[in-house]
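Okay, structure first, notes after.
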Number of protein chains: 2
Amino acid sequence: MKKAEATRLHILQKAFELIYVKGYQTTSVDDILATTQVTKGAFYYHFKNKDEMGIAIINEIMKPSLINSFIVPLQQQENPVEAIWQLIHHLLMKNEFLKVAYGCPAANFTYEMTPWNSDFTQVLDELARQWEKVMIQTIERGKKNKYIRKDVNARQVTLFIISGYWGIRNFGKLENSRSVYLPYLKELKNYLHSLT
Amino acid sequence: MKKAEATRLHILQKAFELIYVKGYQTTSVDDILATTQVTKGAFYYHFKNKDEMGIAIINEIMKPSLINSFIVPLQQQENPVEAIWQLIHHLLMKNEFLKVAYGCPAANFTYEMTPWNSDFTQVLDELARQWEKVMIQTIERGKKNKYIRKDVNARQVTLFIISGYWGIRNFGKLENSRSVYLPYLKELKNYLHSLT
DNA sequence: TGCAGATAATACTAACCGGTATTTTTTATG
DNA sequence: CATAAAAAATACCGGTTAGTATTATCTGCA
């Protein structure tokens, strides 16, 4: 029972890395088999088909990492302006896993699979909504604690910030250099201070 | 000479529509042939291969439309705050060609082709830089004409705004409804006013 | 009108794709 | 240690892909 779980996880992790770099469509099942050294029989024992594996990657690899890297950091600081800026700054400049050239894994998936694959769209939407929800809470908390003006609309601000994050990662892909992130981050700071 | 140009253009236009909806990878040459009623011989007479057609789509279809829909509107208004807001509002809410569910054509291409196809990346980067350049000029002009504070950094603001646009289109794809655009637009207005 | 070069039609290929059917090996448990 | 079920290995298939080689037809111009 133990070893089987290990190979399943191995497939998911390696496949995620491949897909993050090459995209879902262009990563063939055979590619995954080659890099994992897993045979086709094993692969299709664990997954009904390629798409089921794709969904599993989102649920079992990306979702947990979303919570660790995108959600918990928001909840660990009292000042939401600081929390949000630190989070985005860390995601763009410090996070060793998220590479500039390859963009945001969730956004990549979204662009590639939406709207023609509704299963993917739904699971990805859940991911986005989760981040959105927590950021709204963070801002509302900040309003109560007087870090942020009362007339600020938390959901509006959240959508604005998350959109900006996704978009700047698109820029990063194009220019393949973290340097585009810097002016963006400066302006994000200005914007966040305009909310105080 | 005339009819040949017509079929070439016909291919580019129909292929662009297909790719906008389905994505580049999942749109096969045969798909394009089927919808254009063009034969393979004709297709490969006009284009060396599929990628050359892809680049031609960006240069000959998307670039001109970028100028019409993204650049000229910025130059036709004196007040940059108004100009930018009207532009984004129009792109998101009014433009009949850009569908919510299918996102931004340029961003789609970027996400799908970057970084593993450098030809695409380069041409798409040019597109982005062109928009960026004009928006920077718009803001600088606004600073001179006292519509915008002197201490505002035009490039920072531009990156911030374009990123937001790309990102909210990602949101739109996920939720497949223009309604997400509304809170974003409200906050964009707030942000723009914070620059005055 | 004739004809050469520009367009286009047809038939084909080799590689690759996701997926399946069958057999073999491994593993947990009595 | 025997055995049944879980897990993995192997070989194969039909369909699709981008691309090519060859042949046919158009079109503009002398």
Side-chain angles (χ1 to χ4, degrees), chain A residues 1-58 60 108-109 112-113 116-121 123, chain B residues 1-58 60 108-109 112-113 116-121 123:
Chain A
M1 282 285 191
K2 271 287 174 64
K3 197 174 169 234
E5 273 304 303
T7 63
R8 187 195 148 91
L9 204 66
H10 186 217
I11 293 173
L12 289 179
Q13 284 169 337
K14 287 286 179 189
F16 171 73
E17 289 170 27
L18 279 176
I19 290 167
Y20 179 39
V21 173
K22 298 192 3 166
Y24 181 79
Q25 321 269 1
T26 36
T27 301
S28 70
V29 173
D30 286 331
D31 283 339
I32 297 166
L33 302 183
T35 62
T36 52
Q37 299 275 54
V38 161
T39 62
K40 211 156 230 190
F43 182 92
Y44 281 99
Y45 172 78
H46 286 287
F47 307 103
K48 206 177 95 230
N49 51 41
K50 191 190 175 187
D51 278 6
E52 191 184 280
M53 181 212 61
I55 303 284
I57 285 178
I58 300 176
E60 298 171 41
N108 289 357
F109 254 121
E112 209 178 336
M113 309 307 281
W116 60 271
N117 188 310
S118 60
D119 287 340
F120 278 84
T121 307
V123 181
Chain B
M1 283 284 192
K2 271 291 175 57
K3 193 166 173 241
E5 271 306 300
T7 63
R8 187 195 148 90
L9 203 66
H10 186 217
I11 293 172
L12 288 179
Q13 283 170 338
K14 287 286 179 189
F16 170 73
E17 289 170 28
L18 279 176
I19 290 167
Y20 179 40
V21 173
K22 297 191 9 166
Y24 180 78
Q25 322 268 2
T26 36
T27 300
S28 70
V29 173
D30 286 333
D31 283 340
I32 297 167
L33 302 183
T35 61
T36 52
Q37 299 276 55
V38 162
T39 63
K40 211 156 231 190
F43 182 92
Y44 280 99
Y45 171 79
H46 286 287
F47 307 102
K48 204 178 97 229
N49 50 41
K50 191 189 176 187
D51 278 6
E52 192 184 281
M53 181 212 61
I55 303 284
I57 285 178
I58 300 177
E60 297 171 41
N108 288 357
F109 256 121
E112 209 177 337
M113 309 305 280
W116 60 271
N117 187 312
S118 60
D119 287 340
F120 277 82
T121 307
V123 181

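In what follows, chains are A, B, ... by sequence order, proteins preceding strands, each numbered from 1.
- Near DNA chain C, defined here as any heavy-atom distance below 4.0 Å, there are no residues from residues 15-23 of chain B.
- Judged as a side chain to side chain donor-acceptor pair (under 3.5 Å), and not counting sequence neighbours, B:Gln25 has no contacts.
- For the salt bridge (charged side-chain N to carboxylate O under 4.0 Å, His left out) test, residues two or more places apart in sequence or in another chain that qualify with B:Lys40 are B:Asp30.
- The side-chain contact (heavy atoms from CB on, under 4.5 Å) check on A:Thr7 picks up A:His46, with sequence neighbours excluded.
- Residue pairs meeting the salt bridge (Lys or Arg N to Asp or Glu O under 4.0 Å) criterion with at least one member in residues 9-21 of chain B, sequence neighbours excluded, do not occur.
- Each end of the helix from C:dT1-D:dA30 to C:dG30-D:dC1 gets its own axis from five base pairs, and the two axes differ in direction by 10°, given to 10 degrees.
- Applying the side chain to side chain donor-acceptor pair (under 3.5 Å) test to A:Tyr24 and every residue at least two apart in sequence or in another chain returns A:Asp51.
- Considering only residues two or more places apart in sequence or on other chains, B:Ser28 meets the side chain to side chain donor-acceptor pair (under 3.5 Å) condition with B:Asp31.
- Residues that satisfy the salt bridge (charged side-chain N to carboxylate O under 4.0 Å, His left out) test with A:Glu52, not counting sequence neighbours, are absent from this structure.
- Remark: A:Ala42 pairs with A:Val38, A:Thr39 by the side-chain contact (heavy atoms from CB on, under 4.5 Å) rule, at least two apart or across chains.
- When the side chain to side chain donor-acceptor pair (under 3.5 Å) test is applied to A:Asp119, no partner is found at least two apart in sequence or on another chain.
- Heavy-atom distances under 4.0 Å link DNA chain C to B:Thr39, B:Lys40, B:Gly41, B:Ala42, B:Tyr45, B:His46 of residues 31-47 of chain B, given in residue order.
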